[in-house]
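Written below as structure tokens is the structure these notes are about.
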Amino acid sequence: MANLVIAEHDQGSLKAATLNVISAAVAIGGDVHVLVAGHNAAAAATAASQVVGVSKVLHADGAAHANLLSENAAAQVVANASGYTHILAAATAYGKSVAPRVAALLDKAQISDIIKVIDADTFVRPIYAGNAYATVKSSDSVKVLTVRGTAFAAAAKTGGSATVETVAAVADSGVASFVSAEVTKSERPELTAAKIIVSGGRGLGSGDKYREVLTPLADKLGAALGASRAAVDAGYVPNDYQVGQTGKIVAPDLYIAIGMSGAIQHLAGMKDSKVIVAINKDADAPIFGVADYGLVADLFDAVPELVAKL
Amino acid sequence: MKVLVPVKRVVDYNVKVRVKSDNSGVDIANVKMSMNPFCEIAVEEAVRLKEKGVATEIIAVSAGVAQCQETLRNAMAIGADRAILIETDVELQPLAVAKLLKAVVDKEQPRLVILGKQAIDDDANQTGQMLAALLGWGQATFASKVEIAGDVATVTREMDGGLETISLKLPCIITTDLRLNEPRYATLPNIMKAKKKELANMKPAELGVDVAPRLTTLRVDEPPKRQGGVKVADVAALIEKLKNEAKVI
Ligand SMILES: Cc1cc2nc3c(=O)[nH]c(=O)nc-3n(C[C@H](O)[C@H](O)[C@H](O)COP(=O)(O)OP(=O)(O)OC[C@H]3O[C@@H](n4cnc5c(N)ncnc54)[C@H](O)[C@@H]3O)c2cc1C
Ligand SMILES: Nc1ncnc2c1ncn2[C@@H]1O[C@H](COP(=O)(O)O)[C@@H](O)[C@H]1O
């Protein structure tokens, strides 16, 4: 058995999600190799070689990978796929874009968002917004998998010493090109890696109120900020704050849900948090059904008081 | 320009499904079925492209059981011009759907295919990307803004760290995210009109596609339930619990 992990990186460093994928590959068993497809990405390849559990890094460096376009990334994986029984990527925007392309080019099924490895052919994955867990067995010779990061502990970033092998980079597909990026700037921890998340919903009423009320709490706790779909749709915060079935999946030690009702689509993204706190003025809000500690109160009184007393 | 919009019939997003007691699957007998919300957004986007004069014809296509006709009628009530049902009782997995759609693309020669980013039943998030790969086309997943000028689609995508804009040569694949648009309601006159629109029926075999599943679901379980929590009296009590009981702050 041999696993190929598709690294996610920013050319200079590995994205944290890749460390969780490496753990999933280790759980499957056999060699774990990591493919770094980038442009001037030697630092990312070196970083991959130091992750515990990795025995080889394939480094493809070329202009086609300068903007991490899915078409080129998938072609690169396919060019290097021979001999691998499992091809894994993170269930992130990048991994979700690349992995199904790889699967189709190899004529293999993909199993999305695995949360558990039963054996080399069998995996558990949530369906219906996490309301059911399916145990799925693949009859394909190669398994293409995306991995839910919160379900696998991160592999140690350093301590390993894999060899780095240079492989030829593919040519640009010619069908897609990068125009621009609008990156959300934040000094806060990344949502999917944060220990504490302060998350706000429609109850905040506006972007200004969201910031005015939640920022001091997040500052006090060193927390990341998240949001419901309603808060994102209403423009309080950027899209990448959305937690849920169709947003980010998080599992921090503490998730504080403020002014949100607890729709199933939202719960799907945060119900694996260790401790959940809900602050809502409606005592019947479904969020209280999953909260360890519920406070029925007006958030505009309770949150400032919480900040003052912490 | 022809636009193809694949739409999936799924359990309505308001339904909380239950796992069957024999763990063979989820119970979807007698639950409300609807068009996958992301597919509604895809149909709406196609209709807007037609209203702008970019698209000339919108073809909705659905693969699955006979009742997918309802989903297709719904797509036509929103504004699709005609529809194709690829009828089968076999459980379809994304790779099979992508192959069926490729066969339809080969026949119909659309310049654009707009799909949902994910079906809210299997939560697979695969079909659009797979179809793009099978066709050798470019793909823009998680679209929140689409502009088409001449032979180029410029698409803004919702990424993990913000937004990214890419440009694609047509023909291409776009998958929709929540913020792309707000789908209109089908009006009664349009629902009536949709009943008269053409709905073609074909079978996977006619398209030469093997739809046999590659994945077998061995069992389906309830996720672990969270312990019922407590309501605290006030902010002071909450802080006390978080510090001394949960020990998370
Ligand atoms: C296809 C699809 C995908 C979706 N994906 C997601 C997803 O990924 N993530 C997600 O979050 N949602 C998702 N949704 C949307 C989801 O169904 C809900 O609409 C959404 O989560 C509601 O957000 P909310 O809780 O902020 O708003 P609401 O449901 O409006 O709740 C607001 C809450 O704030 C409380 N409140 C108001 N004022 C105050 C106050 N002063 N003090 C205290 N409490 C107050 C109210 O009592 C209420 O409970 C999706 C929906 C669909 C159809
Ligand atoms: N059976 C189907 N018939 C038509 N379109 C489908 C079908 N299954 C998936 N799709 C399309 O692919 C998208 C993503 O689905 P999935 O990959 O299953 O999450 C959906 O939003 C539809 O646009």
Side-chain angles (χ1 to χ4, degrees), chain A residues 70-71 74 92-93 96-97 100-101 103-105 109-113 122 126-140 173 175-184 221 229 233 238-240 245-246 253-254 264 271 275 277 290-296 302 305-306 309-310, chain B residues 11 13 16-17 19 26 93-95 98 117-118 120-126 129-130 132-134 137-139 141-142 144 154 158-169 172 178-179 214-223 226 229-232 235-236 238-239 241-242 246 248-249:
Chain A
S70 313
E71 294 81 0
T92 53
K96 287 173 184 171
S97 297
R101 251 191 117 92
L105 292 171
Q110 172 179 306
I111 305 180
S112 295
D113 228 6
T122 316
I127 52 175
Y128 290 96
N131 285 309
Y133 287 174
T135 302
V136 178
K137 187 181 169 90
S138 167
S139 59
D140 279 329
S173 70
V175 294
S177 58
F178 173 82
V179 177
S180 63
E182 206 178 297
V183 179
T184 306
L221 296 170
R229 172 191 174 182
D233 282 6
N239 65 283
D240 52 307
Q245 178 188 18
T246 60
D253 291 342
L254 174 60
I264 44 177
K271 69 180 167 48
V275 175
V277 169
V290 299
D292 299 280
Y293 304 112
L295 178 61
V296 181
E305 188 187 339
L306 183 58
K309 289 195 170 146
L310 273 172
Chain B
V11 170
Y13 78 95
K16 188 173 184 296
V17 296
V19 173
V26 298
Q93 293 170 353
L95 182 61
K117 80 164 177 181
Q118 127 187 23
I120 59 162
D121 51 0
D122 62 14
D123 284 330
N125 201 325
Q126 301 176 9
Q129 299 87 311
M130 287 182 158
L134 296 178
W137 292 5
Q139 66 182 45
T141 47
F142 323 139
S144 65
T154 305
E158 294 202 354
M159 303 293 285
D160 293 331
L163 298 170
E164 176 189 89
T165 303
I166 60 173
S167 88
L168 298 172
K169 275 195 191 141
C172 73
L178 293 168
R179 258 76 57 184
R214 308 286 187 86
L215 306 173
T216 316
T217 298
L218 301 182
R219 57 181 291 131
V220 174
D221 291 278
E222 289 258 5
R226 282 194 79 90
V230 295
K231 292 234 172 80
V232 294
V235 169
L238 175 62
I239 294 175
K241 292 277 190 197
L242 292 178
V248 283
I249 58 169

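Throughout, protein chains are lettered first and strands after them, A, B, ... in sequence-line order, and every chain is numbered starting at 1. Predicted model only: the values in this text are computed from it and were never measured.
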Sort [X] into side chain, backbone, both or neither according to what part of it lies under 4.5 angstrom from a heavy atom of chain A.
X	answer
B:I166	both
B:I120	both
B:R226	side chain
B:V19	side chain
B:L178	both

Inset, instruction - For the residue pair B:Q126 and A:S112, confirm or rule out a side-chain donor-acceptor distance under 3.5 Å. - result: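 Distance-only check passes for B:Q126 and A:S112.
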
Legend entry - Portion of A:S173 that has a non-hydrogen atom of chain B nearer than 4.5 angstrom: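 Contact with chain B is absent: no heavy atom of A:S173 under 4.5 Å.
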
Within the 4.5 Å heavy-atom criterion, are [X] and [Y] side-chain neighbours or not?
X	Y	result
A:S97	B:Q139	yes
B:T165	A:E182	no
A:Y133	B:V220	no
B:T141	A:R101	no
B:M130	A:Q110	yes

Legend entry - Shortest non-hydrogen contact from A:D240 toward B:D160: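 Minimum heavy-atom separation between A:D240 and B:D160: CB-O, 3.1 Å.
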
